[in-house]
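Reading through the C-alpha cells given below for one structure.
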Amino acid sequence: MKNDEVMTIAKKRGFLWSSFEIYSGVAGFFDYGPLGGTLKNKIMEKWREYYVIGEGFFEIESPTIMPEEALKASGHVDHFNDPMTECKDCLNVFRADHIINEATGKDVEGLPNEELSRILSEEKLSCPNCGGPLTHVWSYNLMFQTIIGSKGKQTGYLRPETAQGIFIPFKRLLRFNRGKLPFGVVQLGKAYRNEISPRQGVIRLREFTQAEVEIFVDPRDKTHPRFHEVAEDTLNLYSAQSQTDEGDSVKYTAQKAVDDGIVSSQILTYQLCLALRFLKDLGIPEEVIRFRQHLCNEMAHYAIDCWDVEIETDRYGWIEIIGIADRTDFDLKSHSKHSKEDLRVFIEYDQPKTVKKLVAKPQMKKFGPLFKADAPKIMEALKEMDASQIKDSFQESGDYPLEIEGKTHILTPYIIDFQEVEETVRGEKIFPHVIEPSYGIDRIIYSVLLHCFHKEGDRTILKLPADIAPVEVNVFPLVNKEELATVAWGIRDELRREGLIAEYDASGTIGRRYARSDEIGVPYAVTVDHQTLEDDTVTIRNRDDSKQVRIPLEDVYMTLGSLIYLKTEFEELY
RNA sequence: GCGGCUGUAGUCUAGUCUGGUUAGGACUUGGGCCUUCCAAGCCUACGACCCGGGUUCAAAUCCCGGCAGCCGCACCA
C-alpha cells in the first residue's frame with residue numbers, strides 16, 4: 001500500500017504516531033503505540049532468534065551516554081562535526097571545507113572553524129550558487145551533547161550508534177570467548193543523531209533503535225563454516241559496477257556472488273543471506289528487497305566492502321534499512337591507540353616457528369650516560385627494529401642515524417653489540433577485522449507495515465506473519481447475547497492463560513469486528529455462535545482469505561498455538 | 001538552516017477573504033435497540049479552531065512570533 005495510507009492507519013490503529021503531539025510535536029521523534037510497541041518487541045525478539053540463538057552471538061547492553069574520549073577515538077567527535085557557512089545573499093548553506101577544497105584543491109579537513117573562516121576570506125571565496133558573500137564558519141554537530149556530573153567537567157554525548165559500546169569492552173569480550181576468533185557480539189538499543197531537518201517520518205529519526213552485530217574475525221580467514229547452508233540462496237545484487245554503468249540489479253546465488261568476486265568475502269555474503277532470510281520471515285516480499293553495494297567514494301575510507309539492504313517504497317524510493325560492512329580493523333586500532341590498551345588478539349600458529357634473528361644489544365654502561373633521558377626510548381626502538389639494518393649501515397658509513405620523535409640519535413659500533421639469537425614464535429598478535437551487520441529497527445517496522453498492508457476491495461488487511469502480530473487471536477460472540485458472550489470471554493481467558501495474546505470484542509456487528517481485526521493484522525478470529533451452545537464447537541476464521549473452519553472447543557488453544565507458532569497451514573484444518 | 005504553502009474532534013471537511021448567536025456536517029468511536037457470519041439500519045453520547053502574544057467592545061477569522069506538516073534548496077560520518 002502507499003505511504004500515506006499506511007501512516008494514516010498506523011496512527012489511527014495505534015502503531016505509530018509523532019511524539020509530543022499535544023505540544024505540537026518535535027520533528028524526528030515518534031511514539032510506538034500499543035500495537036506498535038508489541039510489534040517492535042516481537043520483531044526484536046525474532047532478530048534475537050536469528051543472531052543470538054541461531055548464530056550464537058552474545059548480547060550486551062552498554063550506556064547510551066558516552067564520554068567524549070570514546071567518541072573521539074571512534075571519529076565521531078571530529079567527523080560528525082560539519083563546518084558550515086551560509087551565503088548572505090541567497091541564504092544557501094554549504095560545507096565550508098567542501099567549498100575550499102573545490103576552489104583551491106587544498107585538503108582542509110579537520111581544520112578549526114576560525115582557520116576555515118580565515119581561508120574563505122583570504123582566498124576571497126564566494127557562494128558557488130550566486131557569487132554572494134559567505135558568513136563565518138560554524139560547526140554543526142550531529143551528536144546530542146550533554147554534561148556528565150554536577151560540576152560539568154566532563155563532556156558526554158548520546159551515542160550516535162550502538163556499535164561503539166561493543167568495541168570498547170573488547171578485551172573483556174575476547175576473554176569471555178576464551179581468547180579465540182571468530183566471535184560475534186550484538187547490541188540492540190537506542191541511538192541518537194541530531195539531524196538538521198528530519199522530514200521523512202520514521203525513516204529519519206533523531207532517536208532511533210538499532211540492532212547491531214560486530215563479528216570479530218581473523219583478517220586472513222573470511223570464510224564461513226556454514227556457508228553451504230546459504231550457498232543456493234538468491235541475492236538481488238546491485239553492485240558498484242552496475243551502478244556506475246547505470247545498469248540494474250542482478251540475481252546471483254550466494255555461491256556465484258563469492259566465486260565471481262561480486263561480494264568481497266564468504267562471511268560477508270553469508271551475512272547478506274541471513275539478512276534476507278530475516279526480512280522474508282517478517283513478511284517483506286523478496287521483490288522489494290535489493291542489496292546495493294557502496295560506491296568507492298561513498299564507503300568509509302577504512303571499509304573494504306559495504307552493502308546496504310534496501311527496500312523499495314512509493315514515497316522515498318529505495319531506502320537503506322540495513323548496512324552490512326567489512327570495517328576491517330579500523331575501530332579496534334583506533335580505540336587501541338586512544339586508550340593505550342592493546343586490543344589485539346594472539347593467534348597461535350599451527351606449528352611454532354623458529355626464527356634466527358640478529359639482535360642489537362646496547363652496552364648499557366656507555367649507552368645510558370650518552371643518551372641520558374632518551375636512552376629508554378632508543379632501547380625500545382631497537383627492540384622493534386631489524387638489527388641487520390644497523391649492522392649494514394655500520395659497515396657502510398660507520399654509524400647509524402636513528403630518528404625518534406623528530407630527534408636524531410647517532411648510533412655507533414662503539415655502543416652496540418650484535419648477537420645472533422634463535423627465537424621460537426608461537427603465534428602473533430593481530431587486530432581482528434570486523435564484519436558489521438547494522439539494522440535500523442524503525443525502518444524495518446516501517447517496511448513491514450508498508451509491504452504487509454493490502455487493500456482488497458474496500459477493506460484493508462494487514463498480512464503480518466502470525467508470530468509477529470501484536471494481537472494473535474480475537475474472540476467474538478456472533479451476536480451480542482449474554483450466553484454467547486460468556487463463552488467468548490471464557491475462551492479469551494483460556495488463551496491468555498496459555499500465553500497467547502488474545503482480545504475480546506463485542507461492539508458493532510460481526511462484520512465490523514472482522515474488518516477491524518483484519519486492519520490490525522490479527523491472524524485468527526474465534527467466533528462463538530448458537531451452534532457452540534449445542535455442540536461445543538467454535539469457528540476459527542483465517543484473516544488472509546476470511547475462510548472458516550469449525551473445531552471442538554477443547555481444541556481451540558492447541559489449534560491456534562500450532563497455527564501461530566508452529567506455522568501449521570490453515571488449509572490443513574479443512 | 002533558508003524560502004513557499006498549510007494547520008478546525010480519531011479521520012475528512014464547512015466556516016476564514018468580508019471579525020459578531022451555541023463552530024456545522026460526514027465517517028469513526030462509546031452505550032443501547034435490532035441482528036444466526038464479513039464496515040447494514042435505528043436511538044443516543046463523547047469529541048475540535050496548533051501554541052503564545054498583539055489589534056479590537058468582540059478573533060477560528062486580522063497582525064507578529066513560535067511549533068509542526070508538505071514542497072523546493074542545503075545537509076545526511
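Convention: sequence-line order gives letters A, B, ...; per-chain numbering from 1.
rU56(B) is unpaired under the Watson-Crick or G-U wobble criterion, no partner having all donor-acceptor distances under 3.5 Å. With a cut-off of 3.5 Å on both pairing distances, rU36(B) has no Watson-Crick or G-U wobble partner at all. Figure legend. rU21(B) is base-paired to no nucleotide; pairs are counted as Watson-Crick or G-U wobble with both atom distances under 3.5 Å. When both pairing distances are held under 3.5 Å, rU61(B) makes no Watson-Crick or G-U pair with any nucleotide shown. Shown here, rA14(B) forms no base pair; nothing in the strands shown gives a Watson-Crick or G-U wobble contact with both key distances under 3.5 Å. Across all strands shown, rA9(B) remains unpaired; no Watson-Crick or G-U wobble contact has both distances below 3.5 Å. The partner of rG1(B) is rC73(B), judged by Watson-Crick or G-U wobble contacts that both fall below 3.5 Å. Across all strands shown, the partner of rA45(B) is rU29(B), judged by Watson-Crick or G-U wobble contacts whose two distances both fall under 3.5 Å.
Comparing the same atom, P, in rA23(B) and in rA60(B) gives a spacing of 10 Å after rounding to whole Å. Comparing the same atom, C1', in rC71(B) and in rA9(B) gives a spacing of 28 Å after rounding to whole Å.
Ring-plane geometry between F144(A) and Y192(A) is classed as perpendicular, the angle between the planes exceeding 60 degrees on a 0 to 90 degree scale with a lower cut at 30.
Here K463(A) pairs with E456(A) in a salt bridge; the nearest charged N to carboxylate O distance falls below 4.0 Å. Under the 4.0 Å criterion applied to side-chain N and carboxylate O atoms, E503(A) and R492(A) are not assigned as salt-bridge partners.
In this structure, E519(A) reaches the bases: a heavy-atom distance under 4.0 Å links it to at least one base atom across the strands shown. Within the nucleic acid shown, E320(A) has no heavy atom closer than 4.0 Å to any nucleic acid atom.
Aromatic ring centroids of F291(A) and W307(A) lie 6.0 Å or more apart. Aromatic pair F216(A)/F170(A): centroids less than 6.0 angstrom apart.
Counting only residues at least two apart or in different chains, ring-ring contact (aromatic ring centres under 6.0 Å, His included) contacts with residues 465-487 of chain A comprise F476(A)-Y514(A).
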Can you pull every protein N or O that's under 3.5 Å from an N or O on nucleotides 30-37 of chain B?
| residue | atom | partner | partner atom | Å |
| --- | --- | --- | --- | --- |
| rG30(B) | OP1 | S507(A) | OG | 3.2 |
| rG30(B) | OP2 | S507(A) | OG | 3.4 |
| rU35(B) | O4 | N480(A) | N | 3.2 |
| rU36(B) | O4 | H530(A) | ND1 | 3.4 |
| rC37(B) | O2 | Y514(A) | OH | 2.7 |
| rC37(B) | O2 | Q548(A) | OE1 | 3.4 |
| rC37(B) | O2 | Q548(A) | NE2 | 3.2 |
| rC37(B) | N3 | Y514(A) | OH | 3.3 |
| rC37(B) | N3 | Q548(A) | NE2 | 3.0 |
| rC37(B) | N4 | D529(A) | OD2 | 3.0 |
| rC37(B) | N4 | T539(A) | OG1 | 3.3 |

Shorter than 3.5 Å, N or O on both sides, protein versus nucleotides 68-71 of chain B: list them out with atom names.
| residue | atom | partner | partner atom | Å |
| --- | --- | --- | --- | --- |
| rA68(B) | OP1 | A27(A) | N | 3.4 |
| rA68(B) | O4' | S24(A) | O | 3.1 |
| rC70(B) | O3' | R315(A) | NH2 | 3.4 |
| rC71(B) | OP1 | R315(A) | NH2 | 3.0 |
| rC71(B) | N4 | R199(A) | NH1 | 2.3 |

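Using a 3.5 Å distance cut-off with no hydrogens or angles, the side chains of T532(A) and D529(A) do pair a donor with an acceptor.
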Report task. May I have the step-by-step check of side chain to side chain contact (heavy atoms under 4.5 Å, CB included) for Q243(A) and R292(A), ending in yes or no? Result -> CA-CA 9 Å; Q243(A) 292 165 60; R292(A) 190 182 68 81; 2.9 Å; yes
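For R459(A) against rC38(B), a side-chain N or O and a base N or O form a donor-acceptor pair under 3.5 Å.
A residue-by-residue look at Y302(A) and K12(A) shows that K12(A) has its nearest nucleotide of RNA chain B further toward the 5' end.
Both cation-pi conditions hold for R290(A) and W318(A): the charged atom is under 6.0 angstrom from the six-membered ring centre and inside a 45 degree cone around its axis.
Between the NZ atom of K11(A) and the P atom of rA9(B) there is a distance of 10 Å, given to the nearest Å.
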